[in-house]
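Everything below concerns the one structure shown next.
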Amino acid sequence: MAESAVAVGTGQAVHVHHEELGFWRTYVFSTDHKMIGRQFLFLGLFMMILGGLLALMIRWQLAWPETQIPGLRWVPEPFMYDGAMGPEFYNAVFTMHATIMIFFVVMPILVGCFGNFLIPLMIGARDMAFPVLNMLSFWVGAVSGVIMLAGFFVPGGHAAGGWTAYAPLTAVTQYTGVNWGQNIWCISLILLGISSLMGSINYITTIINMRAPGMTFFRLPLVIWSLFIVAILLLLALPVLTSALAMLLFDRMLGTSFFLPAGGGEPLLWQHLFWFFGHPEVYVLILPAMGVASEVLSVFARKPIFGYRAMAYSMIAIAFLSWIVWGHHMFQSGMNPALATSFMVSTMVIAVPSAIKTFNWLGTLWGGSIRFTTPMLHGLAFVSMFVIGGLSGIFMASTPVDIFIHDTYFIVAHIHYVVFGGSVFGIFAAIAYWFPKLFGRMMNETLGKIHFWLTFLAFNGTFFPMHILGVGGHMRRIYNPMQYEFLQPLQPVNVFITVSALVLGIVQIPFVINFFWSLFAGKKAERNPWQANTLEWTAPSPPPHGNWGDTLPVVYGGPYEYSPPGVSEDYLPQTQSRVPHLAAAH
Amino acid sequence: MLSWLPENVSTYGGEVDFLFYLIYYITGATFILVTVTMLAFLFLYRRREGRRAIYSHGNTTLEIIWTIVPAIILVVLSFMSQASWARIKSHAPPGDVEVQVTSKQFNWEMTYPGPDGKFGTADDLTLENQLHVPVGKVVRVHLRSKDVIHSFFLPNLRLKQDTVPGREILAWFQATKAGTYEIPCAELCGFGHSGMKGWLYVHPADEYETWVKERWPSSSQGEGSKGS
Ligand code: HEM
Ligand SMILES: [Cu+2]
Ligand SMILES: [Cu+2]
């Protein structure tokens, strides 16, 4: 009760700008966190189409090696030969598929878009702490994207050393024949790192300093917790990647030998640096989706999240542990086997907080009053697919089992269950859930459900059989499986996967239609269409510049008070005073 | 699903496969438990008119249980894995046959030390992409690389080890069954990565003798290796 009044408005500007900004300041060089969020969303969705088309090219080649891909006869040599891919180009295609999906789709959407859009709105602030830095963060990211795409058009082709870019393959031009492509890859990611760094400083500062009165840390929605932790991970991990990329560039262009044994360098150093960044990075991709799932499950089960504190603490535990598990990517690398054992133990331990989260999501469903809306379906898919991805991680964490499945399709299956099954279903849930707040209109539920079910089926048809390929010993990153006798019996599985992948691509069309149709012609959204508790739903849809009128919201309780006793509705917004309900509610 | 595993012909492959199966059953059971519970909840607690969700913020006892149980299982798995891992990767037994495998874009060079049992002497023999070994003997492989990182993969022997330029890495195996097995490269190593493969010929004892005699006719001993 009175406790709510203790937190005093923190250093944010109370005045609201009402003057009209021109087109450029509103839509292009905007400093408004919501517009920057939308910009990141469109950047990510555009890149997702590109990354998806690259994926289909990979799949075509694996099912029907060295045959013509329909519609691609126009691509000139040496990329494609009358519509069929050569091995150099194939390597560039899978390298760029992963690079684009990780750095230019999942990060811009989950962290860039929803981080920007949700943080001020859900903590009750008018904007980010550093709006201009925020604008810079987007534009540096966008430039980095253009540079990355430019790599396709330079002589020698784009980077072809995998998204993990293991040196010395990537450090010396003649090993791949790729010259400027690899340099551009490094430069683009260095820039993207700067962009993320600016974003993360902003997120951390905003969350620490600009919470509304009454918004204590343990009243923050879990999605904000997740973004806060992600920003810290990015802040600490990205400089390591940036340094490693700079060292790689120096090896390539200035004649240094950080990773070249001939000059006294050490190839494994690259792997240590890359994965020291890389493992926290994969949690950057999944933590926001975990946050989204927590919001959505609680709202649509009309129940408080089960074990709120355990949910927050387990994310913190994941964040800490993610710094000491990187070696699980290097079990077979030649690293001291005794060291591998300690990395195995830490990796097994990191699975525990993941398990806690899963059981708590189940606990949230228990005794609920569940509404199967489109965001809820995607949220539920997130949970079940994340379970599969987390469980397959245990196989690889066991060092002896990893001997066999390392660098096989088992890893590819794992990656996609966590990143597509996890992060991308999280993205779909988030878009469907916050679309009314983002654009002021509702998405179409029927189209949304059609898209969900077809995607869910095609997703599993595409990625589950990859476990089978992996168990059969099918290596990842090979151009033509038919070159191996022991893989030939597995070829029907490859064909099945490719057909499912093509379906998976096609069934994204209902999503695109739904997105754009709803953007212009969807039903107008009210303030709080889902009857949710968190602060963003107290602002108009879409919120104006400054988010709230003259007075900022004041917070009286936690974000997940659904179906509390003594209240006639089944929700209790964070901004509603608790005084009359105090006795009943705890 | 694990019936897709390639036939195991290695002494320690059974340990790898055992752990594989064990984790498969544990994770399979967990998956079924979670999925059935979830589906049951989704059905039982679907929205119905006039019913309000239970107002509960959690249950500490339950949460402690589902923290401790997975933790115990995972720690036990770590211990079991550690024993096999050390046997396979840390403590190579004394070798009956020694061979040097050097990777380069995009071939495996197999170097046999010859009758003197020493590498770098005149009687060394280097074959491209052919690894000849006797069945039932401990083969120690000294892995090197001339250019980039490759990965020496013997699917049927449950062995995989990256080769790294600038260092020599020791791996070993002991085949239990004669036959011919593929040796793919498992680490992306350039445009010729796909198709970079060799063959492992596991010979029965007498056949191996013959092979050695053909290669080193001058040697009265007829031993292509030290020891035995
Ligand atoms: C329960 C938790 C998890 C465990 C025990 C686990 C374990 C592992 C292990 C041991 C590897 C290395 C396998 C190898 O290369 O041999 C790996 C790879 C990978 N994991 Fe996980 N993982 C877990 C969760 C996640 C999550 C949540 C994500 C991301 C959202 C993720 C993304 C990846 C990716 C992208 C790779 C492959 C990187 C590459 O080589 O290209 N994992 N995981
Ligand atoms: Cu990792
Ligand atoms: Cu290779």
Side-chain angles (χ1 to χ4, degrees), chain A residues 87-88 91 162 166 168-169 175-176 261 267 301-304 306-307 310 332-334 337 341 344-345 348 351-352 355-356 359 362 365-371 384 387 391 394-395 398-401 403-404 406-407 468 471-473 475 477-480 483-486 562-565 570, chain B residues 1-2 4-6 15-16 19-20 23 27 30-31 34-35 37-38 41-42 45-47 51-58 63 66-67 70-71 74 77-78 81-82 84-85 88-90 147-149 151 155 158 160-162 164-167 169 182 184 186-191 194-195 197:
Chain A
E88 295 89 346
N91 289 0
Y166 277 14
L169 181 67
Y175 288 150
T176 51
R302 311 308 292 166
K303 264 200 71 194
F306 199 89
Q332 320 309 330
S333 69
T341 298
M344 163 172 65
V345 175
M348 292 282 187
V352 174
I356 297 175
F359 293 131
L362 288 184
L365 297 176
W366 162 77
S369 172
I370 299 170
R371 284 117 223 250
S384 51
V387 168
L391 291 174
I394 297 173
F395 287 81
S398 165
T399 42
V401 179
I403 296 176
F404 184 76
H406 173 65
D407 268 335
I468 295 175
V471 171
M475 293 77 70
R477 293 170 173 175
I478 53 172
Y479 167 68
N480 183 351
Q483 290 168 312
Y484 303 87
E485 277 174 24
F486 79 111
Y562 291 101
S563 310
D570 62 356
Chain B
M1 192 169 89
L2 295 189
W4 292 88
L5 274 168
E15 293 179 41
V16 171
L19 284 164
F20 212 145
I23 298 176
T27 54
T30 314
F31 174 69
V34 169
T35 308
T37 313
M38 185 161 157
F41 284 179
L42 292 183
Y45 303 116
R46 67 193 183 281
R47 174 191 198 166
R51 199 187 54 196
R52 205 175 157 91
I54 298 168
Y55 180 72
S56 152
H57 283 94
E63 288 183 61
W66 66 48
T67 307
L74 290 167
L77 269 182
S78 299
S81 299
Q82 152 58 15
S84 299
W85 173 253
I88 299 169
K89 290 268 176 160
S90 295
D147 36 44
V148 301
I149 298 177
S151 191
R158 305 296 187 262
K160 186 181 286 124
Q161 176 60 58
D162 288 2
V164 182
R167 51 170 85 191
I169 299 166
E182 267 168 310
E187 181 70 63
L188 177 65
C189 56
F191 62 85
S194 187
K197 64 170 188 177

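Naming convention: chains lettered A, B, ... in sequence-line order (proteins, then strands); numbering from 1 in each chain. Heavy atoms only: backbone and side chains are in, while hydrogens, waters and symmetry mates are out.
- No other option in B/Ala71, B/Ser151, B/Pro165 has as many heavy-atom pairs under 4.5 Å with chain A as B/Pro165.
- Contact of B/Gln161 with chain A is made through backbone and side chain together, with heavy-atom distances under 4.5 Å.
- Using a 4.5 Å cut-off between heavy atoms, A/Val471 contacts chain B through both its backbone and its side chain.
- Using a 30° and 60° split on the angle between ring planes, A/Phe306 and A/Trp366 fall in the perpendicular class, above 60°.
- Interface summary for chain A: among B/Glu182, B/Lys89, B/Glu187, the most heavy-atom pairs under 4.5 angstrom belong to B/Glu182.
- Taking B/Leu74, B/Val16, B/Thr67 one by one and counting their heavy-atom pairs under 4.5 Å with chain A, the maximum is reached by B/Leu74.
- With contacts defined as side-chain heavy-atom distances shorter than 4.5 Å, the pair A/Leu365/B/Tyr45 does not qualify.
- The closest donor-acceptor contact from the side chain of A/Gln483 to the backbone of B/Gly195 lies under 3.5 Å.
- A/Gln332 contributes atom CD, which lies 9.0 Å from atom CG of A/Asp407 (distance to the nearest 0.5 angstrom).
- Under the 3.5 Å distance criterion, the side-chain polar atoms of B/Glu63 are left unmatched by any main-chain donor or acceptor of B/Gly58.
- With hydrogens and angles disregarded, no donor-acceptor distance shorter than 3.5 Å links the side chain of B/Tyr55 to the backbone of A/Lys303.
- Both the backbone and the side chain of A/Pro337 come within less than 4.5 Å of a heavy atom in chain B.
- Of the atoms belonging to A/Met475, it is side-chain heavy atoms, and not backbone ones, that fall under 4.5 Å from chain B.
- Residue A/Asn91 touches chain B through its side chain alone, counting heavy-atom pairs closer than 4.5 Å.
- Looking at B/Ile88, the atoms closer than 4.5 Å to chain A (heavy atoms on both sides) all sit in the side chain, from C-beta outward.
- Of the listed residues (B/Ile149, B/Thr37, B/Thr35), the greatest number of heavy-atom pairs within a distance under 4.5 Å of chain A belongs to B/Ile149.
- Applying the side-chain contact (heavy atoms from CB on, under 4.5 Å) test to B/Pro70 and every residue at least two apart in sequence or in another chain returns A/Ala355, A/Phe359.
- Residues that satisfy the salt bridge (Lys or Arg N to Asp or Glu O under 4.0 Å) test with A/Arg302, not counting sequence neighbours, are A/Asp570.
- Put simply, of B/Ser81, B/Pro6, B/Gly166, the one with the most heavy-atom pairs under 4.5 Å next to chain A is B/Ser81.
- Between chain A and the residues B/Arg46, B/Arg167, B/Arg158, the largest count of heavy-atom pairs under 4.5 Å involves B/Arg167.
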